[in-house]
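Data first, discussion second: the structure below is written as structure tokens.
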Amino acid sequence: MAGTGPQLRDIHLPPEPSWWPPAPGWWLLALLLVGAMMWLGFKLRRRLRRRRRDRSILAELARYRSEWTNHRNDATALAELSAFLRRLSRAVNPASAVLANPAWIEFLDRHGDGFAGKPAEGLLESAFQKNPNVDIDRLLTIVQRHTRRVLATELANV
């Protein structure tokens, strides 16, 4: 009686799942990775722009020092440094463009350092003299220190 029962066949397994389309978790992971890469790219681009800007500003200051070293024209150096500090101050606070002499020096001292006293007098009084009596080398050093501090603190996130 072996042949009267039901005819049995081999068991066939379903096909392996395809790799496409991925499961929803993989889509979410891919979205997070793309978002993280975009965020990192934005941060990197911003940092590179800031470094390029900082190098440009410091190179301009180095050029002033080089020109002064070559020509020793104190009046020109004072005028250039004053204009440079005005531009830098405007980047920190646009309202600083209209500050008068003592208020401007106070602004510089508040946002940097070293402008109270003799260097401030050099910027304020000697800029209009034909032969100013100012230690330009010291003033250039103070302006460079001030610029580095402003770039590191005030303009770090700009």
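- Residues Leu155 and Arg53 form a side-chain contact, since some pair of their non-hydrogen atoms from C-beta on lies under 4.5 Å apart.
- In this structure, CG in Leu88 is found 10.0 Å from CZ in Arg90, a value given to the nearest 0.5 Å.
- Through direct or indirect side-chain contacts shorter than 4.5 Å among Ile, Leu, Val, Met, Phe, Trp and Tyr, Leu13 is connected to no other residue.
- Note: Trp26 CH2 to Leu33 CG = 10.0 Å, rounded to the nearest 0.5 Å.
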Could you tabulate the donor-acceptor pairs under 3.5 Å formed by side-chain atoms of residues 37-51, not counting sequence neighbours?
residue : atom : partner : partner atom : Å
Arg46   : NH2  : Asn157  : O            : 3.4
Arg50   : NE   : Ala156  : O            : 3.1
Arg50   : NH1  : Ala156  : O            : 2.8

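- Using a 4.5 Å heavy-atom cutoff, the side chains of Glu67 and Thr76 are not in contact.
- Although no hydrogens or angles enter the test, the distance criterion places no donor-acceptor pair under 3.5 Å between the side chain of Trp104 and the main chain of Ser96.
- Salt bridge absent: Arg148 and Asp54 never bring a charged side-chain N and a carboxylate O closer than 4.0 Å.
- With contacts defined as side-chain heavy-atom distances shorter than 4.5 Å, the pair Phe84/Thr147 qualifies.
- Counting heavy atoms from C-beta outward, Asp74 and Val134 have side chains that stay 4.5 Å or more apart.
- Using a 4.5 Å heavy-atom cutoff, the side chains of Asp137 and Arg65 are in contact.
- Closest approach of Thr153 to Arg149, counting heavy atoms only: OG1-O, 2.7 Å.
- Both tests do not hold together for Arg63 against Trp68: distance to the six-membered ring centre under 6.0 Å, angle to the ring axis within 45°.
- In this structure, OG1 in Thr141 is found 14.0 Å from NE2 in His146, a value given to the nearest 0.5 Å.
- Counting heavy atoms from C-beta on, the side chains of Leu61 and Ile57 never come closer than 4.5 Å.
- The closest side-chain heavy-atom distance from Leu151 to Leu58 is below 4.5 Å.
- Between Leu140 and Val143, every side-chain heavy-atom pair lies at or beyond the 4.5 Å cut-off.
- The structure places CG of Leu81 at 6.5 Å from CD1 of Ile136, a figure rounded to the nearest 0.5 Å.
- Asn70 contributes a side-chain N or O that, together with a main-chain N or O of Ser66, makes up a donor-acceptor pair within less than 3.5 Å.
- Here the CG-CG distance, from Leu85 to Leu139, works out to 7.5 Å after rounding to the nearest 0.5 Å.
- Between atom OG of residue Ser89 and atom CD of residue Glu154 there is a gap of 10.0 Å, rounded to the nearest 0.5 Å.
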